[in-house]
Amino acid sequence: MSVADKVMELAKRRGFFWISAELYGGVSGFLDFGPLGKLLKRKIEEKWRYWFVLKNQEFVVEIETPVITPYKVFEASGHVGHFTDYMVECLKCGRKFRADHVIEEQTGLSGLEGLSEEQLTSIITERNVKCPECGGQLGTVKKFNLLFQTTIGPYSENVGFARPEAAQGMFTTFNRVYNVMRNKLPLGIAQIGKVMRNEISPRQGPIRLREFTIMELELFYDPQEPSCHVLDKNEVLRLVPEDSVAKKDLTPLEVTVEEALRKRLVACEWLAYFMVLAQKFVQELGIPWDKQMFVAKLPQERAHYATQVYDQVVKLEKWGWIEVSGHAFRTDYDLRGHMASSGEDLRVYKQFQSEVEVEEVEVRPLVDAIKEDYETDASAIINALKMMPGERVLEEIKSKGFFEMGGYRIYPKHVSFEKVKKNVKGRKFIPFVAEPSFGAERLVYASMEYAYREKDGRVILSFPPDIAPIEAVVLPLVNRDGLPEKAREIYGMLSFRGLVVEYDDSGSIGRRYARADEVGVPLAITVDYQTLRDDTVTVRDRDTWKQVRVRIEKLPEIVEVYIKRRELKEPLKKLFE
RNA sequence: GCGGCCGUAGUCUAGCCUGGACUAGGACGGCAGCCUGCCACGCUGCGGACCCGGGUUCAAAUCCCGGCGGCCGCACCA
């Protein structure tokens with residue numbers, strides 16, 4: 001039996017998580033979290049919040065936006081266009097392929113994103129595209145849209161989607177939060193919430209889900225001031241850069257942040273900063289340094305919105321290296337898209353000390369050409385184009401042949417450029433975005449797998465004390481002579497302090513220790529006969545089984561300090577040495 | 001969606017091939033109680049299961065069909 005199987009069995013048996021709707025046979029891709037799982041997940045979320053929000057609360061804030069999101073938002077974000085996969089099956093060998101990929105490979109055509117199933121099918125027929133494996137004939141193209149779709153309001157034509165990432169909620173409300181945060185950059189907007197992706201066939205238990213919790217942060221900064229003031233460049237990153245991945249060499253480099261930036265392995269300082277935090281965060285979940293690394297995503301496997309992506313992967317016993325977070329450099333892609341679709345100005349204004357003369361490239365929309373191609377959307381596009389940073393538009397048109405903005409493509413025929421000199425008192429720009437994004441359920445599972453130990457045929461979950469679902473258990477040594485009463489009293493006292501505690505008087509003392517170890521309770525407090533004489537109890541450490549005797553009045557503080565650990569470990573450290 | 005394997009108490013499993021004595025057995029866990037001066041002690045007792053539907057048969061956990069679900073592989077995983 002693999003560790004994964006044991007963990008899954010334990011998860012089910014002791015109430016961490018299990019497959020949802022089991023009553024009706026279950027559905028893959030959905031999980032129920034039981035009492036312990038919910039506690040564990042909450043603690044992991046809390047730890048994420050510590051590292052990614054509280055630590056930088058001066059400029060990072062947490063918000064909450066809805067799961068159901070209007071069609072327009074995901075059209076603007078590019079998800080409607082890019083989140084749909086077109087599949088085609090070989091009629092001879094039965095293999096399935098991404099239709100657009102096969103066509104691109106065999107015909108050299110590109111820019112197929114906007115096409116329908118019918119159009120792709122007819123290209124296959126016309127250009128005689130064959131199965132790349134066996135040369136057989138291909139069938140008709142079928143669409144897979146990974147967005148969960150619904151209608152907003154009953155009997156309504158108003159299509160909405162369940163969000164596949166929380167990010168769009170942060171982008172669409174960026175200007176308000178920016179304003180509330182008194183117009184300052186850098187600004188981080190964080191969110192923890194449910195997202196949904198209608199995966200074709202989710203497997204691997206808690207690893208690939210159709211509905212899961214994302215912990216995401218969008219950091220907005222001025223592209224002209226890209227330095228991250230909280231970054232320590234001496235920190236070391238363990239990563240596999242893009243060119244190694246391209247060569248299929250997955251040996252991680254251990255480089256300082258300074259070096260990673262100098263060699264352009266990491267695209268921007270903020271991304272590097274969050275990667276450093278991500279390592280610490282994941283390490284604190286009990287996953288050692290050498291069991292995690294960052295792997296660059298190649299251009300073709302990157303999300304449509306990102307110019308650089310590193311996946312943070314951790315080694316799992318059964319499933320290999322599994323992504324637990326993605327670190328994407330999204331530039332101004334998303335805000336730009338929402339500007340084009342909404343026609344609103346999402347730029348940020350920065351005032352100069354004094355008026356200065358600048359020379360910049362301005363975009364001049366060619367109104368007739370845009371009207372011709374985009375009809376009713378033209379006015380929003382024209383408006384947005386005028387607000388786009390000229391250099392970037394020019395550059396992208398040069399390199400890709402078009403400039404993309406919220407599902408619209410701007411080709412050379414749509415714009416002209418003009419270099420202008422002018423005196424200005426400030427500048428308007430679209431912020432750049434660096435995004436770390438974590439999957440909570442995968443971290444829950446990974447922390448359980450790394451906590452899993454067996455000792456003398458007993459199972460112990462050695463969670464780091466600060467993520468253990470239950471913080472302490474109170475036990476009377478025997479069930480007589482007033483010991484249970486005293487133990488209950490202590491239980492009540494700890495519980496009143498807001499600690500997650502359990503009381504257990506069933507079976508022998510050894511059995512109760514074992515029961516607590518199995519779900520990772522870090523401290524066991526035992527009331528014995530000496531307690532009745534001098535108001536002391538024994539505190540047992542889950543991992544070493546060592547015990548120390550402490551005064552009851554000191555207990556709440558000791559337990560609190562121990563389970564919170566951070567920077568406070570000294571007073572308790574002594575106890576178990 | 002395709003192919004292979006599979007579905008029995010909370011968990012793990014025996015039984016299925018060869019239909020009937022299966023009132024479905026065991027282990028672990030749970031609960032109640034006794035016992036218990038520190039690592040799953042022992043004793044007594046109590047609950048608890050054949051994925052769903054149809055068929056064959058005198059008789060189905062067992063055979064057949066369909067459905068649902070799971071695991072593995074293919075594909076997919078922005």
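Chain A is the first sequence line, chain B the second, and so forth, proteins listed ahead of strands; every chain is numbered from 1.
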List, with names and distances, any nitrogen or oxygen atoms from the protein found under 3.5 Å away from nitrogen or oxygen atoms belonging to nucleotides 69-73 of chain B.
residue, atom, partner, partner atom, Å
B:G69, O3', A:Gly26, O, 3.4
B:G69, O2', A:Gly25, O, 2.6
B:G70, OP1, A:Ser28, N, 2.2
B:G70, OP1, A:Ser28, OG, 2.9
B:C72, N4, A:Arg203, NH2, 3.2
B:G73, O6, A:Arg203, NH2, 3.2

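- Residues A:Ser437 and A:Ile214 have side chains in contact (heavy-atom distance under 4.5 Å, counting atoms from C-beta outward).
- Using a 4.5 Å heavy-atom threshold, the side chains of A:Ile558 and A:Val539 count as separate.
- Residue A:Arg442 contributes atom CZ, which lies 13 Å from atom P of B:C77 at whole-angstrom precision.
- Between B:A40, B:C38, B:U11, one nucleotide has an atom nearer to the side chain of A:Glu518 than all others, and that is B:A40.
- When the P atom of B:A40 is taken as reference, atom CG of A:Asp505 falls 18 Å away, rounded to whole Å.
- Side chain of A:Gln168 to main chain of A:Asp334: no donor-acceptor pair is present (N/O by atom type, distance under 3.5 Å, no hydrogens or angles).
- For A:Thr526, whose side chain is taken as the heavy atoms from C-beta onward, the closest listed nucleotide among B:C38, B:A40, B:C12 is B:C38.
- Defined by atom type and a distance below 3.5 Å, a donor-acceptor pair is missing between the side-chain atoms of A:Thr69 and A:Arg163.
- Residue A:Leu23 contributes atom CG, which lies 13 Å from atom C1' of B:C68 at whole-angstrom precision.
- The aromatic rings of A:His79 and A:Phe74 lie perpendicular to each other, with more than 60° between the two planes, well past the 30° mark.
- Taking the P atoms as reference points, B:C51 lies 35 Å from B:G33, given to the whole Å.
- Per the geometry, CG belonging to A:Leu147 stands 14 Å off C1' belonging to B:C77, to the nearest Å.
- Between A:Pro164 and A:Glu22, the one whose closest nucleotide on RNA chain B sits nearer the 5' end is A:Glu22.
- Between A:Lys6 and A:Glu317 there is no salt bridge, since no side-chain nitrogen of the basic residue lies less than 4.0 Å from a carboxylate oxygen of the acidic one.
- The base of B:C39 does not come close enough to the side chain of A:Arg542 for any donor and acceptor atom to sit less than 3.5 Å apart.
- Taking the P atom of each, B:C31 and B:C41 are spaced 14 Å apart, rounded to whole Å.
- On the C1' atoms, B:U62 is 36 Å away from B:A75, given to the nearest whole Å.
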Would you list the atom pairs, donor with acceptor, under 3.5 Å between side chains in residues 318-325 of chain A and any protein atom, with sequence neighbours excluded?
residue, atom, partner, partner atom, Å
A:Lys318, NZ, A:Asp5, OD1, 3.1
A:Ser325, OG, A:Gln312, OE1, 2.8
A:Ser325, OG, A:His327, NE2, 2.8

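- Spacing between atom NZ of A:Lys546 and atom P of B:C39 amounts to 17 Å, rounded to whole angstrom units.
- Rounded to the nearest Å, the gap between the P atom of B:G42 and that of B:G29 is 9 Å.
- The pair A:Arg511-A:Asp504 does not meet the salt-bridge criterion, since no charged nitrogen lies less than 4.0 angstrom from a carboxylate oxygen.
- Nucleotides B:U8 and B:U13 are separated by 9 Å at their P atoms, to the nearest Å.
- Looking at A:Gln547, its side chain comes within 3.5 Å of the base of B:C38 through a donor and an acceptor atom.
- The same atom, P, is picked in B:C50 and in B:G73; the two are 31 Å apart, to the nearest Å.
- Applying the salt bridge (charged side-chain N to carboxylate O under 4.0 Å, His left out) test to pairs two or more places apart or on separate chains, none has a residue in residues 18-35 of chain A.
- Atom C1' of nucleotide B:C77 and atom CG of A:Leu146 are separated by 8 Å, given to the nearest angstrom.
- With a cut-off of 3.5 Å on both pairing distances, the Watson-Crick and G-U wobble pairs of RNA chain B assemble into stems of 3 or more at B:1-7 with B:68-74, B:10-13 with B:25-28, B:30-34 with B:42-46, B:51-55 with B:63-67.
- For A:Glu9 and A:Glu199, each mapped to the nucleotide of RNA chain B holding its nearest heavy atom, the one lying further toward the 5' end belongs to A:Glu9.
- As a whole-Å value, the separation of A:Lys12 NZ from B:U13 P is 10 Å.
- Looking only at atom types and distance, the side chain of A:Gln149 has no donor-acceptor partner in the side chain of A:Tyr71 under 3.5 Å away.
- The aromatic ring of A:Trp545 is stacked on the base of B:C39, with the two ring centres less than 5.5 Å apart and the planes inclined by under 30°.
- Among A:Val3, A:Ile287, A:Ile207, the one residue that satisfies the side chain to side chain contact (heavy atoms under 4.5 Å, CB included) test with A:Leu316 is A:Ile207.
- Here A:Arg14 lies out of heavy-atom contact (under 4.0 Å) with every strand.
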Next on the checklist: Please encode protein proximity along nucleotides 25-37 of chain B as a string of B, S and -, counting only heavy-atom distances under 4.0 Å.
Outcome noted: ----SSS----BB
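- One finds the CE atom of A:Met339 at 4.5 Å from the CD1 atom of A:Ile430 (value rounded to the nearest 0.5 Å).
- Pairs of residues two or more places apart, or lying in two chains, that qualify as salt bridge (charged side-chain N to carboxylate O under 4.0 Å, His left out) and include a residue from residues 440-453 of chain A are A:Lys41-A:Glu441.
- A distance of about 9 Å separates the C1' atoms of B:C22 and B:A61, rounded to the whole Å.
- Comparing the P positions of B:U18 and B:C65 gives a spacing of 15 Å, expressed to the nearest Å.
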